[in-house]
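All values below were derived from every heavy atom in this structure, side-chain atoms included, with hydrogens, water molecules and symmetry-related copies excluded.
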Amino acid sequence: MPVLHAPAKLTTSLRITGVRSDGYHLIDAEMVTLDFGDRLDVTPDGDGVEVVWEDRRVVAGADDLVVRALGFAGLRAGVVLHKRVPAGAGLGGGSADAAAILRWAGVRDAASTVVLGADVPFCVLGGRARVRGVGEQLEPLPFSERVVTLLTPPLHCSTPEVYRRWDEMGAPVGENLNDLEPAALSLVPELARWRDELGAATGEVPMLAGSGSTWWVEGEHPGPGRVVARTVPSAF
């Protein structure tokens, strides 16, 4: 039974460069793969996707990214997805899960997978890359070894809603290398408390991961609710 690793991704910088006529935002970002993530147990002759999160186990619906990735690859299989990366954390958990299935299925055309989600192409590629367009334009970059500390509050940030708030705010430029940070703070003001607590505990200036809700800082700062992670050169 294949056991697949679905490493989380971290967006270390995010600039929004425009909006397409269909409403999708164009980005210029840098993303890296981290050494922690979800696990997928695959039964090739099985069927259906189950998601295990803490002490809960649920059957995934048709809109689940793993289900959609199997459909994209033209496969049927049984999958038990053991979640470690929370939904709405800005760490690409769902996209990483889909990418793990696509790599297992032999899909290597990362750009084509953008139909599943903006973060899926990078998660298929992995490593470190400059990401542009709506996520489909990938420029691999030399690997850079980094250690980061993540803090994910018990708050959910909806990516579409954060982008919508960014539009409503008049397209602000984030002072902390992430243009979505002002919009996420406006939409979910409670994020500020967690940012300030992490900053005070580490002496660093926290940055929002993607559209949130995770805050991250450079360096190794273990503590309650925090995850210390390292960049890795590949998602394979």
Side-chain angles (χ1 to χ4, degrees), residues 1-11 20-27 29 31-53 56-141 158-160 163 210-211 232-236:
M1 180 177 69
V3 177
L4 311 179
H5 180 51
K9 63 91 184 175
L10 179 65
T11 303
R20 297 196 318 194
S21 58
D22 59 6
Y24 283 93
H25 293 75
L26 302 172
I27 65 170
M31 299 181 185
V32 296
T33 299
L34 300 178
D35 65 352
F36 92 105
D38 299 336
R39 187 184 92 231
L40 296 87
D41 299 335
V42 179
T43 305
D45 59 353
D47 191 20
V49 176
E50 293 183 309
V51 181
V52 179
W53 171 254
R56 290 169 291 176
R57 189 181 186 109
V58 299
V59 176
D63 60 343
D64 183 88
L65 274 171
V66 171
V67 175
R68 294 175 59 203
L70 287 167
F72 180 90
L75 296 176
R76 293 181 64 181
V79 179
V80 178
L81 168 59
H82 299 269
K83 289 294 296 178
R84 186 181 176 196
V85 181
L91 299 173
S95 297
D97 299 334
I101 290 293
L102 296 171
R103 289 193 301 272
W104 171 69
V107 175
R108 294 291 183 263
D109 180 9
S112 69
T113 67
V114 75
V115 297
L116 296 173
D119 287 335
V120 177
F122 171 76
C123 290
V124 170
L125 176 69
R128 175 176 174 239
R130 185 180 184 184
V131 181
R132 288 179 286 181
V134 294
E136 84 287 5
Q137 298 176 26
L138 304 172
E139 177 187 340
L141 297 172
S158 164
T159 297
Y163 271 104
S211 59
V232 292
S234 171
F236 296 87

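- Heavy-atom contacts from other residues, nucleotides or ligands closer than 6.0 Å to CZ of F36 number more than 12.
- Closest heavy-atom contact between A98 and V66: N-CG2, 4.4 Å.
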Item to check | Check against side chain to side chain contact (heavy atoms under 4.5 Å, CB included), W104 and L40 | outcome: CA-CA 11 Å; W104 171 69; L40 296 87; over 6 Å; no
Next on the checklist: With side chain to side chain contact (heavy atoms under 4.5 Å, CB included) as the criterion, how do V80 and R57 come out once you've worked through the C-alpha distance, each side chain's angles and the decisive distance to 0.1 Å?
Outcome noted: CA-CA 9 Å; V80 178; R57 189 181 186 109; 3.6 Å; yes
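- No side-chain heavy atom of R103 sits under 4.5 Å from any side-chain heavy atom of L4.
- Side-chain contact between L102 and L116 is present, with at least one heavy-atom pair separated by less than 4.5 Å.
- A distance-only check finds a donor-acceptor pair linking the side chain of S112 to the backbone of D109 [under 3.5 Å].
- When all heavy atoms of T11 and G210 are compared, the closest pair comes out as CB-N, 4.1 Å.
- With hydrogens and angles disregarded, no donor-acceptor distance shorter than 3.5 Å links the side chain of R39 to the backbone of R84.
- In this structure the side chain of L70 reaches within 4.5 angstrom of the side chain of V49, judged on heavy atoms.
- Atoms CG and CZ, on L141 and R130 in that order, are 8.5 Å from each other to the nearest 0.5 Å.
- Between atom CD of residue Q137 and atom CZ of residue F122 there is a gap of 15.5 Å, rounded to the nearest 0.5 Å.
- Among all heavy-atom pairs drawn from A105 and L75, the shortest one is CB-CD1, 3.4 Å.
- Atom-to-atom distance recorded for D38:CG and L91:CG is 10.0 Å, nearest 0.5 angstrom.
- L34 places none of its side-chain heavy atoms less than 4.5 Å from the side chain of P7.
- Contact record, S211 with T159: OG-OG1, 2.8 Å, taken as the closest heavy-atom pair.
- Between the NE2 atom of H5 and the CG atom of D35 there is a distance of 7.0 Å, given to the nearest 0.5 Å.
- In this structure, the side chain of D47 does not engage the main chain of G78 through any donor-acceptor pair within 3.5 Å.
- Nearest heavy-atom pair, V51 versus A60, reported as atom, atom and distance to 0.1 Å: CG2-CB, 4.2 Å.
- Results of the side-chain contact (heavy atoms from CB on, under 4.5 Å) test with D41 over L81, V79, V3 single out V3 as the only residue that passes.
- Distance CG/L125 to NZ/K9: 13.5 Å, rounded to 0.5 Å.
- The local environment of CZ in R76 is sparse, with at most 12 non-hydrogen atoms from other residues, nucleotides or ligands closer than 6.0 Å.
- Between V134 and E136 there is a side-chain heavy-atom pair separated by less than 4.5 Å.
- Between L65 and S95, the shortest heavy-atom contact is CD1-N, 3.7 Å.
- The CZ atom of R128 lies 11.5 Å from the OG1 atom of T33; values are rounded to the nearest 0.5 Å.
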